[in-house]
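Only one structure is covered here, and it is reproduced in the block below.
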Amino acid sequence: MTESNSQDKNNFLYPRSQYYGKFQPENLVFNANLQEFSQRISYITCLETAGKLSQEEAYQQIKALWKQLKHSKKQLAVGGNEI
């Protein structure tokens, strides 16, 4: 696979949207984390719907991802206390 094809595949599997919020490095990092969280949740729910993951496995994976996102928010000190 060429470098271009690899990049196209990566962009397809892990799309990123442009950030329009207040420019601060920690906001950009959290936005990237949030987009990754969203993408991974989508994959987990699709796998559960297709019967490839049990409801409990999907729940546990989503719970772990949520904890990671909360930790990221706390470490980056972004936003308020809404999460």
Exercise for the section: Sequence neighbours left out, what pairs pass salt bridge (Lys or Arg N to Asp or Glu O under 4.0 Å) with at least one residue falling in residues 37-54? Expected result: Glu36-Arg40
Handout entry: Side chains of Gln35 and Gln39, donor plus acceptor under 3.5 Å
Key = no
Handout entry: Listed partners of Leu28 passing side chain to side chain contact (heavy atoms under 4.5 Å, CB included), at least two apart
Key = Tyr19, Phe23
Handout entry: Partners meeting side-chain hydrogen bond (donor to acceptor under 3.5 Å, both in side chains) with Gln55 (sequence neighbours left out)
Key = none
Problem - Spacing of CH2 belonging to Trp66 relative to OH belonging to Tyr59, to within rounding of 0.5 Å - result: 12.0 Å
Completion exercise
The side chain to side chain contact (heavy atoms under 4.5 Å, CB included) partners of Lys67 (sequence neighbours excluded) come to Lys63
Completion exercise
Contacts of Gln68 meeting side-chain hydrogen bond (donor to acceptor under 3.5 Å, both in side chains) (sequence neighbours excluded), chain-then-number -> none
Exercise for the section: Write down the atom of Val78, the atom of Lys73, and the distance for their closest heavy-atom approach. Expected result: O-NZ, 3.2 Å
Exercise for the section: Sequence neighbours left out, what passes side-chain hydrogen bond (donor to acceptor under 3.5 Å, both in side chains) with Gln24? Give chain and number order. Expected result: Asn27
Fill in the blank from the handout: Residue set satisfying side chain to side chain contact (heavy atoms under 4.5 Å, CB included) with Gln75, at least two apart, ordered chain then number -> His71
Handout entry: Partner residues of Ser54 under the side-chain hydrogen bond (donor to acceptor under 3.5 Å, both in side chains) criterion, sequence neighbours left out
Key = Glu57
Fill in the blank from the handout: Taken to the nearest 0.5 Å, the spacing of Leu65 CG from Asn33 CG works out to 11.0 Å
Exercise for the section: Would you check if the side chain of Thr49 reaches a backbone N or O of Thr45 as a donor-acceptor pair within less than 3.5 Å? Expected result: yes
